[in-house]
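Notes follow the structure.
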Amino acid sequence: MEDGGDDELESWLAGREGFDPSASFVDQANVADPGIYAAFAEEWPACWEAAAELLSWGRRWEAVLDESDAPRYRWFVDGRLNAAHNCVDRHVESGLKNHAAIRWVGKRDETLTYTYGDLQRETAAFAAALRELGVGEDDVVTLYLPMIPELPIAMLACARIGAPHSVVFAGFSADALATRMNAAGSRFLVACDGYYRRGDAINHKGKVDRAVRRVDGDVQTVVVDRLGEDLPHSLAAGQHDYDALVERHRGATVEPVIRDSEDDLFVMYTSGTTGQPKAVRHTTGGYLSYVAWTSRAVLDVKPDDTYWCSADIGWITGHSYIVYGPLALGTTTLIYEGTPEYPEKDRVWELVERYGVDVFYTAPTAIRAFMKWGAEYPDRHDLSSLRLLGTVGEPINPRAWRWYHEHIGGGECPIVDTWWQAETGGMMITTLPGVGTMKPGSAGPPLPGIDARVVDREGAEVDPGEAGYLTITRPWPGMLRGLAGDDDRFVDEYWAPYSDPLADEWVYFPGDRATVDEDGYVTLLGRVDDVITVSGHRLGTMELESAIVGVEGVAEAATVGAAGELIAYVSTEQGRPGDAALREAVVDELRRVVGDVAVPDHVVFTPELPKTRSGKIMRRLLEDIATGEELGDISALRNPEVIGELRARLAGELQSYLEPG
Ligand code: WTA
């Protein structure tokens, strides 16, 4: 596919060009009636019964929404259900027993298929094992596992017995794990011995052992043996082999524990503006209804599909759209342990072809990598099984959108650019693929039943095309219910800024800047706070910077995300050169304190960081320098001479990065 001319590109960039879904897509779409927007608006909040009705309930709710203690909203009040029953058992009972629930592909191309029947047996056995270790209802179980089948099995086993899980991304450090376990008061951990990276055996259990020593109280740890002979490990007191435990409970029936709609299904730690991660609480009824509904309406998931979301289950995207949403709908969800470029750069497309993937959902950072590698890799494979594509995590630039559309979607598949966050539980702003026109670069209109507005500092709606703060003006079933252990922070951080307590009007503030066009399409412009998203991972700049300044020789640090890469600008103490040794120390410290995800793509040493006259580091400027953007207003900058210096150093850094050694 040739690139279009400049004019065409211009109109893409302006976001004016729209794409309508094909008639054949619309014909088969789960949601194809444009009237759904008006219907949801008229029937709000009762419209959300449509989401709850996708699930099976032990007791139906008395009221859809209770607003009496706003912003502590309650959904599907007094309803009772169990999430594992909804994701597994009910499908077994309704004829999907032998239908594939999970297809797993490991890093060494091992493959496994779990039918819904298998999944029921595995989760019941592991649920019984957790009980044997003493896990009771409402005990938080921490899961620290890579993308292996035991992770969703453990999540569902927890859900089965009413124990909220807290999944900690396997790339996080021992420190990060211990901090999260202590904050959650979690005394149960499920982990593994290690995993493969590019064919090498990586020791994970070392991190587990270090973390457990730092957790207050006795911890019971279950260890999955992923590596076998490749990395033998031993078990200490309080550590149990997964297989041996499960073997003891084979054939156990563990009745799903019936939970209140508002009972926690899980907590998820996510980065905030301060150094301390926040524990977002998601509930059984509202969350599960919402992810099932959005999987159905936006991802167009059908039971006969093979659906693939390439996120890691350790993040919210994996929770909502690898595990809970797809399994609630009885589809086949593909779980891929590996990376997209190993053993070859056509790995993803090879798997799409092999499994006849119908719906593929990934992040813009991955699409940009595919684009860089070139169309020859997807061109090697038959991708005609694909019906719908999706993206999540950051804005997708029109050029990448178009490449995805042409080279992966064959010019046919609609693309849903889905804006949402860990706190929202599920998608909030995106086109309905069977209904709306897609505009590359814009996420789309708010979903039916979602009321999103872009406002200025005073809370007044901005004109089309003007930048402002994104707000959500009505609650929704998938919303977080609070921050575990920090109720005040929940209200202050998300609900205070534009809320008028006297008028009893609460507005949710996600922390994103946006514009909205005449058609009500929202284009996201980035975060307002100090949170950066790199490769779909959300990191707090405070967390990163406080780790870096802990290194001897470092004076100050500022971290920014630019084009999906993490850049650390580091000023050194007087007389201390920014050399390879210091760079290594910075990287090691980030790895130790935060984890592998925090290893920067570039470290740029500089004598000084750009600061405002009031002494604040100008992060926006550092971002613009990194992306080569025109610099915005720099009148507040105290030390403008630093700009040229930084540009030169960044260029040098990029050069040495391109030509290592
Ligand atoms: C950003 C990931 C633009 C946004 C599901 C949000 C996006 C943060 C998009 C949440 C999108 C997510 N377009 N920006 N389609 N999706 N974001 O909690 O800044 O890891 O607030 O959830 O990612 O990141 P989180």
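Whatever order the structure lists them in is the order used to number ligands and atoms, beginning at 1. Worth knowing before you read on, the calculation uses all heavy atoms, side chains too, and leaves out hydrogens, waters and symmetry mates. In this text the structure is predicted, and so the values were computed from the model without any measurement.
Between atom 14 (N) of ligand 1 and the options His319, Glu394, Gln421, the minimum heavy-atom separation is to Glu394. Of the listed options Ser442, Ala422, Gly393, Gly393 places a heavy atom closest to atom 17 (N) of ligand 1.
In summary, the aromatic rings of His319 and His165 are positioned with their centroids under 6.0 Å apart. Taking the centre of each ring, Tyr144 and His204 come in below the 6.0 Å mark. Remark: aromatic rings of Trp315 and Tyr269 are distant, center separation not under 6.0 Å. Aromatic ring centres of Trp48 and Tyr290 lie closer together than 6.0 Å.
Contact annotation: for Ile316 versus ligand 1, heavy atoms closer than 4.0 Å belong to the side chain alone.
With hydrogens left out, the protein atom closest to atom 24 (O) of ligand 1 is Arg538 CD, 3.5 Å, a heavy atom. Protein heavy atom closest to atom 4 (C) of ligand 1, with residue, atom name and distance, is Asp512 OD2, 2.8 Å.
Contact atoms of ligand 1 toward Val392: 5 (C) (distance under 4.0 Å to a heavy atom of the residue). Close contacts between ligand 1 and Leu524 involve ligand atoms 3 (C) [criterion: under 4.0 Å to a heavy atom]. The distance from ligand 1 to the heavy atoms of Pro395 drops below 4.0 Å at these ligand atoms: 3 (C), 13 (N), 14 (N). Near Thr418, meaning under 4.0 Å from one of its heavy atoms, ligand 1 places the atoms 9 (C), 11 (C), 15 (N), 16 (N).
Both tests pass for Arg180 against the ring of Phe172: distance under 6.0 Å to the centre and angle within 45° of the axis.
Checking Thr430 against Thr418 by side-chain atom types alone, no donor-acceptor pair falls below 3.5 Å.
Annotation: Thr317 places no N or O atom under 3.5 Å from an N or O atom of ligand 1; distance criterion only. For ligand 1, the polar-atom distance check finds an N/O of Arg527 within less than 3.5 Å of one of the ligand's N/O atoms.
Interatomic distance, OH of Tyr37 versus CG of Leu447, reported as 6.5 Å (0.5 Å rounding).
No heavy atom of Trp315 sits closer than 4.0 Å to any atom of ligand 1.
Looking at Arg72, Arg74, Arg481, Arg281 one by one, the single match for side-chain hydrogen bond (donor to acceptor under 3.5 Å, both in side chains) with Glu262 turns out to be Arg481.
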